[in-house]
Amino acid sequence: MSNKRDRWHSRPAFILAAIGSAVGLGNVWRFPYVAYECGGGAFLIPYFVALFTAGIPMLILEMGLGQRLQRGAPGAFAAINKKLEGFGWWAAGLSAVIVIYYSTILAWAWVYLYHSLKLAWSTDVDHFFAQEVLQRSTGPAELGTPVWYLVVGMLLTWSAIWLILRKGVRNVSKVVMITVPLPLALLALMLIRGLTLPGAIDGISYYLTPDFSRLADPQIWLKAYGQIFFSLSLASGVMIGYGSFLGRKAEITNSALITGLANCGTSFFAGFAVFSMLGYLAQIQGLPVPEVTTSGTGLAFVTYPMAILKLPALQVLFGLIFFITLLTLGIDSAFALQEAFTTGIHDKWKVSSERLAMGFIMIAFPISLVFTTQGGYYWFDIVDRWVCDFGLVIAGFLQCVIIGYLYDIQGFRKYLNSISEIRLGNWWVWMLRFVTPIVLLVILVMNIKTEFTGTYNDYPRWTTNLGGWGTLILFAVLAAFLAKASGKRKV
Ligand code: TRP
């Protein structure tokens with residue numbers, strides 16, 4: 001980037017790009033599986049509470065901070081206090097971890113794209129995913145070897161990221177015109193089909209019926225906050241970066257509100273498609289809805305293929321379209337995630353974007369191969385859990401504390417009000433200073449405590465220590481190192 005920052009062409013371009021970053025696999029893959037694991041209706045209340053207490057206030061904060069300081073995350077935090085630069089790097093580093101495991105889902109999607117040609121999953125969708133696609137081992141301790149076609153999928157994913165970058169599709173807003181509406185239209189189609197299948201109503205009622213008894217479970221709350229942070233691309237430096245490309249007078253609060261609602265509306269909608277299918281699967285297997293599948297993290301790869309199978313005509317065509325949209329949806333997020341991390345390096349050391357991208361992929365691709373092994377699925381599950389539920393939530397907590405106490409938050413609020421359509425009341429300050437950080441801290445502490453009594457999904461302790469805490473600590477060390485190193489230009 002030269003001295004003059006890039007600019008969004010217009011306000012819709014900014015909002016569309018922000019929605020484009022937010023809407024991704026998080027809506028169609030992650031939200032349904034987390035909701036299902038947390039008991040469907042039991043999840044929705046914490047989810048919407050998280051959206052309004054943390055998601056939207058934090059989105060306003062991040063977009064506004066980037067816009068006000070005109071810098072990406074590491075630079076913005078360094079501007080608040082030089083010592084905070086490391087925090088900015090850690091948040092941006094989380095993006096780097098996310099893109100590495102995000103690529104796994106894309107690798108699965110490539111494999112399914114191929115199988116769409118013959119609708120190869122027609123016998124048993126659950127078994128097909130676990131055995132024929134993943135060749136899943138019994139647990140993370142049994143790693144096995146890389147499954148060759150998953151490696152091919154992985155290779156295709158990283159090549160696509162590389163090609164997009166090479167060709168310099170900087171115009172994110174154009175890609176979003178396709179990758180946001182098309183999946184929505186397909187989801188609508190699947191939903192209509194889903195709702196007309198026997199048993200669908202049981203799935204929907206499992207999705208919508210609140211289960212107040214489960215609200216006492218801190219695990220569900222942590223997952224809700226983790227999902228909100230992930231889905232709104234928060235606490236990973238991206239929205240700060242996007243805000244920094246806004247002009248000085250650009251509107252913030254309303255744009256953030258629109259982004260947040262559009263994103264979570266999409267997730268909510270995708271939930272209907274998935275849960276109606278789960279209801280149908282429950283009916284044909286004669287099982288209750290919570291027991292129909294063992295695919296956990298891979299839920300989307302069971303329900304959507306099932307939905308495709310049940311379409312009255314043109315299944316192959318719809319299968320191809322569905323997996324192509326999943327890929328486009330994911331690849332632009334993957335690209336943005338990678339950039340969230342590399343832009344910081346580019347800003348500080350002036351390395352050319354192309355070389356940076358190549359360098360990143362050369363490191364990331366071999367690491368991502370872990371997820372293509374027979375035990376890879378479990379490692380993927382562990383990293384996803386730790387990065388979102390612990391990494392993003394800790395980063396979100398620290399961000400509240402930094403802005404709430406080390407920054408002139410009242411002045412910031414007045415500033416935002418002077419440029420925005422929706423005026424922020426004192427509630428926003430209260431939220432960021434007290435409510436959100438306290439809630440996050442309580443949930444975190446309770447969950448860390450349970451983590452010491454039993455292990456997540458009964459995985460051996462060393463695997464969660466290594467893949468979970470290990471990953472977070474490794475990136476903290478890396479962040480400290482990047483912050484300490486002297487750059488070519490002061491940020
Ligand atoms: N929000 C994205 C999704 O739902 C995931 C994500 C998190 C992301 N942080 C990001 C995407 C940063 C782009 C940039 O899939």
Side-chain angles (χ1 to χ4, degrees), residues 23 25-45 47-48 105 109 112 116 119 121-130 180-211 214 223-224 227 231 262-319 321-323 325-326 329:
V23 173
L25 301 178
N27 306 72
V28 293
W29 154 72
R30 202 172 191 280
F31 172 81
Y33 110 73
V34 175
Y36 181 65
E37 285 197 335
C38 291
F43 183 69
L44 286 179
I45 297 175
Y47 180 75
F48 283 104
I105 310 157
Y112 269 86
S116 297
L119 295 172
W121 54 79
S122 57
T123 40
D124 179 345
V125 276
D126 203 25
H127 177 264
F128 183 81
F129 174 69
V180 176
L182 191 56
L184 281 181
L186 277 178
L187 280 177
L189 193 77
M190 291 185 177
L191 174 63
I192 294 169
R193 184 60 190 117
L195 287 178
T196 50
L197 285 170
I201 201 69
D202 299 331
I204 300 292
S205 92
Y206 183 67
Y207 179 42
L208 295 183
T209 313
D211 179 351
R214 292 195 62 176
K223 291 213 163 175
Q227 173 59 19
S231 193
N263 177 66
C264 294
T266 311
S267 295
F268 190 53
F269 181 61
F272 279 93
V274 167
F275 279 86
S276 64
M277 257 334 129
L278 285 169
Y280 170 70
L281 283 172
Q283 172 115 359
I284 53 175
Q285 297 176 3
L287 288 169
V289 177
E291 283 165 33
V292 287
T293 153
T294 55
S295 55
T297 308
L299 179 66
F301 289 86
V302 171
T303 52
Y304 297 120
M306 188 72 201
I308 291 165
L309 220 52
K310 287 291 153 195
L311 292 173
L314 305 174
Q315 291 135 325
V316 171
L317 184 68
F318 280 117
I321 299 177
F322 178 74
F323 287 105
T325 43
L326 204 60
L329 198 64

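- Side-chain atoms of M306 and I284, non-hydrogen and from C-beta on, do get closer than 4.5 Å to each other.
- Surrounding CG of L287 are more than 12 heavy atoms belonging to other residues, nucleotides or ligands, all under 6.0 Å away.
- Rounding to the nearest 0.5 angstrom, the gap separating the CG atom in L44 from the CG atom in D211 is 11.5 Å.
- The minimum heavy-atom distance between A300 and P305, with the atom names listed, is O-CD, 3.4 Å.
- The shortest side-chain heavy-atom distance between Y36 and L278 falls under the 4.5 Å cut-off.
- Within the model, atoms CG of L208 and CD1 of I204 stand 6.5 Å from one another, a figure rounded to the nearest 0.5 Å.
- Taking the side chain as every heavy atom from C-beta outward, F269 and L191 approach each other to under 4.5 Å.
- The heavy-atom pair separating L326 from A109 by the smallest distance is CD2-CB, 4.1 Å.
- A distance of 10.5 Å separates CG of L25 from OG of S231, quoted to the nearest 0.5 Å.
- Two residues are said to be in side-chain contact when any heavy atoms from C-beta on lie closer than 4.5 Å; L281 and V125 meet this criterion.
- For Y304 (side chain) and V28 (main-chain N/O), a donor-acceptor pair under 3.5 Å exists by modelled atom type.
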side-chain contact (heavy atoms from CB on, under 4.5 Å) between R193 and I308, worked out: CA-CA 9 Å; R193 184 60 190 117; I308 291 165; over 6 Å; no
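- Considering only heavy atoms from C-beta on, L197 comes within 4.5 Å of M277 through its side chain.
- Listed here is the closest heavy atom pair of I192 and T196: O-OG1, 3.1 Å.
- Distance OG/S276 to NZ/K310: 13.0 Å, rounded to 0.5 Å.
- Considering every non-hydrogen atom in both N27 and A270, the closest pair reads O-CB, 3.6 Å.
- Here F318 pairs with nothing under the ring-ring contact (aromatic ring centres under 6.0 Å, His included) rule; sequence neighbours left out.
- Y33 and F301 have their aromatic ring centers separated by at least 6.0 angstrom.
- Atom CD1 of I321 is separated from atom CG of L182 by 7.0 Å, given to the nearest 0.5 angstrom.
- The closest donor-acceptor contact from the side chain of W121 to the backbone of H127 lies at 3.5 Å or more, if one exists at all.
- Ring pair F128/Y112 is perpendicular by interplanar angle, where above 60° counts as perpendicular and below 30° as parallel.
- Shown here for V292 and D126, the closest heavy-atom pair between the two residues is O-OD2, 4.1 Å.
- Smallest separation of non-hydrogen atoms from K223 and C38: CD-SG, 3.6 Å.
- Looking only at side-chain heavy atoms (C-beta outward), P32 and Y207 stay at 4.5 Å or farther from each other.
- Taking the ring-ring contact (aromatic ring centres under 6.0 Å, His included) definition, one finds that Y47 meets it with F31, F43, sequence neighbours left out.
- Within the 3.5 Å criterion, the main-chain N or O of G26 finds a donor-acceptor partner in the side chain of Q227.
- Proximity of a side-chain donor or acceptor of Y280 to a complementary backbone N or O of G203 within less than 3.5 Å is not detected.
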